[in-house]
Amino acid sequence: MLQQRLSAYPFLEQGILEHFALRYAAETGQAGLLHRLLLKKMPAKDIVEQLTGYTNTILYDNGGLPSLMVRIPLYYLNEISSVFESVPHPMFRTAKEAASCISLKGRSKGPAMQSVPWVYISKYQNVLLEGRALSLPGKNAGNFLSYDEALDFCRAKGPGWHLMTNYEWAGLALLSWKNHTLPRGNNDSGTDIFHPEDSCTLSTPAPGEHSGRALTGSGPAAWSHDHTLRGVFDCNGNLAEWVGGLRMENGKLLFLDPEQAACSDSQRRESSGWKTLKADGSFAPPSAAHALYFDYTCMPPAAGGTPDFHMAGGCSHPQKQYERPCPGMDRTYGHKPFSSFSCSLPLSEKARQFLKAACILPLGRDCAPGDLYFRNDQESAALRGGHWYHGASAGIFWLNLAHEPEYRAERIGFRCAYTEPADS
């Protein structure tokens with residue numbers, strides 16, 4: 001009888017109800033409510049919202065395709081820690097996309113900054129269908145994607161949709177840190193290295209793959225950002241995710257203004273929105289001489305990783321001067337726990353708060369697990385979260401600035417987010 005009721009829904013909505021709603025209702029004691037809603041033939045969107053208290057919803061893109069999303073309400077930074085001022089987290093300063101988006105020609109559209117009351121984040125790492133990114137449970141997440149391809153799959157969904165930004169990722173991370181719900185995840189080929197009792201459903205590898213990927217949302221509730229089935233899943237391990245609004249050029253940090261970061265046009269590498277950050281906390285053009293860099297603290301090794309790096313006011317140790325081919329070893333890169341990363345030059349309070357809110361600098365030594373990586377001889381796009389085999393290195397604070405935007409790998413994926421357009 002239940003399957004017959006589910007079969008009345010379109011195929012993708014059936015999958016959401018089977019893999020999410022049934023599990024959620026069973027584990028939260030709401031099986032009766034779900035059966036009543038199905039009996040009434042309520043829309044799948046209404047079923048998800050009523051079960052989860054409107055914390056989750058289904059959003060439909062310009063192709064009518066559904067995505068299961070988590071609604072993150074606006075919060076102020078001083079709710080996270082007293083070190084912050086009472087201002088909205090930057091993830092909510094994306095404003096209304098059409099009202100504040102920088103075009104590729106560099107012309108600003110519409111009114112000044114505002115804050116949105118909430119942001120919708122894909123509950124799951126995204127799958128690909130009809131050229132669009134979708135958040136669906138029980139699926140193989142899309143992988144082997146470059147940064148630009150991830151942008152395109154999000155942009156194709158229509159106004160308001162965008163690649164999840166670094167600000168949005170950091171906003172989730174700080175919520176998890178504050179609430180003591182730092183997510184566990186698939187960082188040990190099907191389990192969590194610190195919690196071997198955790199399990200998930202592994203995907204079927206494609207020919208030539210040796211994947212330890214989990215099917216989306218198949219892990220326990222502790223694999224979500226709030227340790228409940230209402231949360232955002234797989235921010236620790238599984239696939240490392242491209243995020244928008246943060247890049248690096250030869251060690252120099254490049255950002256999008258928070259107000260522009262959720263705009264698909266601004267997220268493109270060739271957009272005019274990219275800026276450097278100065279030690280006084282102000283943004284400057286990418287060509288500015290005095291800006292913030294990741295730099296080695298001493299001569300880096302000819303190959304392999306080193307923990308000897310910090311944030312600095314320039315690049316005094318460009319690795320291309322020291323790097324040499326070493327068979328069986330990776331090219332030179334910096335690698336250390338995010339929680340031990342620091343800045344060697346005096347920063348204004350404005351700069352320090354911005355970098356901590358964006359999870360570029362740690363709030364404290366307990367901002368773990370998650371490691372930090374970089375190279376200063378190339379353009380790098382930002383990856384977050386870690387892979388299914390990263391073990392103790394993976395985590396919601398994991399940040400990788402060591403790969404070029406063209407990089408593709410079995411272990412690389414992404415997810416989209418949504419803010420309501422100005423004319424909605």
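When a residue number appears, it is its place in the shown sequence, counting from 1.
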Could you walk me through whether D330 and R375 pass the side-chain contact (heavy atoms from CB on, under 4.5 Å) test, one step at a time?
CA-CA 12 Å; D330 285 341; R375 289 188 172 106; 4.3 Å; yes
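- The aromatic ring centres of F92 and Y75 sit less than 6.0 Å apart.
- Closest heavy-atom contact between K157 and C416: CE-SG, 3.9 Å.
- Minimum heavy-atom separation, A284 to K278: CB-CD, 3.7 Å.
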Determine, step by step, whether H225 and W169 satisfy the ring-ring contact (aromatic ring centres under 6.0 Å, His included) criterion, reporting the C-alpha distance in whole Å, the side-chain angles of both residues, the deciding distance to 0.1 Å, and the verdict.
CA-CA 10 Å; H225 86 284; W169 186 284; over 10 Å; no
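- Of the listed residues (L12, L134, N126), just one forms a side chain to side chain contact (heavy atoms under 4.5 Å, CB included) with S67, and that residue is L134.
- Separation of the F309 and Y333 ring centroids does not fall under the 6.0 Å cut-off.
- No salt bridge links E168 with R384; every basic N to acidic carboxylate O contact stays at or beyond 4.0 Å.
- Remark: the E18 side chain and the Y9 side chain contain no N/O donor-acceptor pair separated by less than 3.5 Å.
- Within 6.0 Å of CD in E79 there are more than 12 heavy atoms belonging to other residues, nucleotides or ligands.
- When each of L246, L399, N400, L239 is paired with L383, the side chain to side chain contact (heavy atoms under 4.5 Å, CB included) condition holds for N400 and for no other.
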Report the C-alpha distance between S146 and D148 in whole Å, list the side-chain angles of each, state the deciding distance to 0.1 Å, and finish with yes or no for side-chain hydrogen bond (donor to acceptor under 3.5 Å, both in side chains).
CA-CA 5 Å; S146 70; D148 293 327; 5.2 Å; no
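- Note on D377 versus K320: no salt bridge recorded, every NZ/NE/NH1/NH2 to OD/OE distance being 4.0 Å or above.
- H290 NE2: 12 or fewer foreign heavy atoms inside a 6.0 Å radius.
- A donor-acceptor pair shorter than 3.5 Å cannot be found between the side chains of R184 and N236.
- Using cut-offs of 30° and 60° for the angle between ring planes, the Y407 and H403 rings count as parallel.
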Given the rule in the side-chain hydrogen bond (donor to acceptor under 3.5 Å, both in side chains) test, do R331 and Q378 qualify, once you have shown the distances and angles that lead to the verdict?
CA-CA 12 Å; R331 290 200 308 115; Q378 63 183 33; 2.9 Å; yes
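- The pair K123-D234 fails the salt-bridge criterion, with no side-chain N (NZ, NE, NH1 or NH2) lying under 4.0 Å from an Asp/Glu carboxylate O.
- Using cut-offs of 30° and 60° on the angle between ring planes, the pair F354 and F255 is perpendicular.
- Other residues, nucleotides and ligands contribute more than 12 heavy atoms inside 6.0 Å of the NZ atom of K336.
- Checking Q125 against T216 by side-chain atom types alone, no donor-acceptor pair falls below 3.5 Å.
- Residue F414 holds its CZ atom at 5.5 Å from CG of L145, rounded to the nearest 0.5 Å.
- Within a 6.0 Å radius of NZ in K252, more than 12 heavy atoms belonging to other residues, nucleotides or ligands are found.
- Heavy atoms only, all atoms of each residue included: E349 and V83 are closest at OE2-O, 3.9 Å.
- At a threshold of 4.5 Å between non-hydrogen side-chain atoms, the residues M311 and L253 count as touching.
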Could you walk me through whether Y322 and Y296 pass the ring-ring contact (aromatic ring centres under 6.0 Å, His included) check?
CA-CA 11 Å; Y322 309 99; Y296 298 101; 8.2 Å; no
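- Note on ring orientation: taking the six-membered ring where Trp is involved, the planes of H390 and W398 are tilted (angle from 30° to 60°).
- Between L254 and P286, the shortest heavy-atom distance links the atoms CD2-CB, 4.0 Å.
- Under the 3.5 Å distance criterion, with hydrogens and angles disregarded, no donor-acceptor pair is assigned to the side chains of W161 and D61.
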